[in-house]
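Structure record follows, encoded as structure tokens.
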Amino acid sequence: MSLVDDPMPDLVRTLRSPLPDIRAKAARSLGKLGWMAKDALPHLTHALNDNDGAVREAAAQAVGLMGPDALPHLVRMIGHPDKYVRRNAVWALGKLGPIAQDAVADLCGALKDADPRTAAGAAQALGNIGDDAAEAVPLLTEAMRGTNVVLCRMAAKALSLIGRPALPALLAHLRHRDPFIRGEAALALGWMGSAAAAAVPTLIEALRPTRPVAWVPDLTSGVPVTAPTPATPITPAPAGPTAEETSRIYVAQALGRIGSNTAAVVDALTQASADGNDQVRQAARTALQQLQGQ
């Protein structure tokens, strides 16, 4: 591109247009130029404080497309008051992968962002950084226990990508009383594959069905009690697996992916292949086929 054909000077000037839609269009055009427009970064970061939300978002997207040169700007954007700017910051840092190692501490803070999509994006970015983000393991582990379901899944994925440093945390979650958390931990261990071989004994335990708690009368009140009267049987509507069954499905899948073809694993999966839930049975049978195909 010759200096005569370079559109960047005009686009930078257009960022100061009195019309917000023109300013937003200029920011988007600079983003399309990618790293070739990196000299426009100061102007784009100034536009992050524009009084128009669409301009701020367009500028944030453009900064995220500037490559490694944008790293310090992206880190500062994580603390921006506009959630759309923060979302674009964590997304762009995730695209940078290990290059964004210097942003790990700030991304850890973003895991608690009030905006669910920013928090989930921060978890995804930490996973893309990989084992260089090992310091994020405690906060990612905590994120798996939250109410943001997408964040839980992204945190589990991130821990699987961080790898061995995350194994103790995932093993602890595999014993958690909440079946949803156990299932997410099993998913993460399965994604790790053979690197999660140390988790096999705990996965075998988690594959066993839990027993329902029997009804126990309160004998301390002095009031006569009787067992609850069973409800009239009603043909249940078709329903998906319970959280407990889903966790066991993920456990069976993890055992197949890890590929530890021991007698204990085969025995556990064989028992699960006769489970009362069709999806648990299918997951166990598929895992056995994976092990047999090794």
Side-chain angles (χ1 to χ4, degrees), residues 31 34-35 38 41-42 44-49 56-57 59-173 176 181 184-185 187-189 191-192 195-196:
W35 64 269
K38 64 183 181 181
L41 275 168
L44 287 168
T45 54
H46 179 76
L48 294 173
N49 298 312
R56 293 195 298 271
E57 185 172 8
Q61 291 172 345
V63 173
L65 294 169
M66 297 292 162
D69 289 293
L71 181 57
H73 303 285
L74 294 169
V75 171
R76 287 192 291 272
M77 286 163 59
I78 292 176
H80 198 280
D82 187 330
K83 67 181 180 181
Y84 295 103
V85 172
R86 300 197 302 275
R87 286 180 187 180
N88 279 282
V90 296
W91 173 85
L93 288 166
K95 296 288 285 184
L96 289 176
I99 296 173
Q101 181 183 358
D102 291 344
V104 168
D106 296 274
L107 287 167
C108 284
L111 289 172
K112 296 186 177 182
D113 197 284
D115 175 48
R117 291 181 64 178
T118 298
Q124 185 174 35
L126 288 165
N128 288 349
I129 292 171
D131 57 6
D132 287 332
E135 68 184 82
V137 167
L139 284 172
L140 287 167
T141 306
E142 181 183 344
M144 285 182 64
R145 299 192 295 267
T147 57
N148 180 346
V149 175
V150 177
L151 173 58
C152 290
R153 177 61 54 85
M154 291 298 159
K157 183 65 175 178
L159 288 168
S160 76
L161 292 170
I162 289 172
R164 294 184 187 279
L167 264 176
L170 290 171
L171 283 170
H173 271 359
H176 200 280
I181 294 173
E184 294 300 297
L187 266 181
L189 291 164
W191 286 327
M192 288 174 66

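These numbers come from the heavy atoms of this one structure, side chains and all, not from hydrogens, waters or symmetry mates. As the structure is a computational prediction, the values presented were derived from the model and not from experiment.
Every pair passing salt bridge (charged side-chain N to carboxylate O under 4.0 Å, His left out) that includes a residue from residues 60-81 is listed here, sequence neighbours excluded: K38-D69. Among pairs with a residue in residues 100-121, those fulfilling side chain to side chain donor-acceptor pair (under 3.5 Å) read R86-D113, R87-D115, D115-T118, at least two apart in sequence or across chains. Sequence neighbours left out, not one pair with a member in residues 110-158 passes ring-ring contact (aromatic ring centres under 6.0 Å, His included).
In plain terms, the two heavy atoms of W91 and G64 that are nearest each other are CZ3-O, 4.5 Å. Taking all atoms of both residues into account, the shortest heavy-atom contact from A155 to A123 is N-CB, 3.9 Å. A pairwise comparison of heavy atoms in L107 and A122 identifies O-CB, 3.6 Å as the closest pair. Minimum heavy-atom separation, V75 to A103: CG2-CB, 3.7 Å. Annotation for T45 and P42: closest pair OG1-O, 2.9 Å, computed over non-hydrogen atoms. For the pair A89 and M77, the tightest heavy-atom approach, listed with the atom from each and the gap, is CB-CB, 3.7 Å.
Evaluation of the salt bridge (Lys or Arg N to Asp or Glu O under 4.0 Å) rule for K157 yields no partner, not counting sequence neighbours. Residues forming a ring-ring contact (aromatic ring centres under 6.0 Å, His included) with H80 (at least two apart in sequence, or on another chain): none. Scored by the side chain to side chain contact (heavy atoms under 4.5 Å, CB included) test, P168 finds no partners at all (sequence neighbours excluded). Residues satisfying the side chain to side chain contact (heavy atoms under 4.5 Å, CB included) criterion with P138, sequence neighbours excluded, are absent altogether. In this view, Q124 satisfies the side chain to side chain donor-acceptor pair (under 3.5 Å) rule with no residue, not counting sequence neighbours.
The CZ atom of R56 sits 4.5 Å away from atom CG of D82, with the distance rounded to the nearest 0.5 Å. Put simply, CG on L161 and CG on D131 are 10.0 Å apart, with the number rounded to the nearest 0.5 Å. To the nearest 0.5 Å, the span separating CG on L189 from CG on L171 amounts to 6.0 Å. With rounding to the nearest 0.5 Å, the separation of CG in L44 from CE in M66 is 5.0 Å. The distance from atom SG of C152 to atom CG of L187, rounded to the nearest 0.5 Å, is 12.0 Å.
Side-chain contact check for I162 versus D132: every heavy-atom pair is 4.5 Å or farther apart. The shortest side-chain heavy-atom distance between L71 and L93 falls under the 4.5 Å cut-off.
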Show me the side-chain donor-acceptor pairs of residues 142-151 shorter than 3.5 Å, one per line, residues at least two apart or across chains.
unit_1: N148; atom_1: OD1; unit_2: V150; atom_2: N; d: 3.2
unit_1: N148; atom_1: OD1; unit_2: L151; atom_2: N; d: 3.0
unit_1: N148; atom_1: ND2; unit_2: P116; atom_2: O; d: 3.4

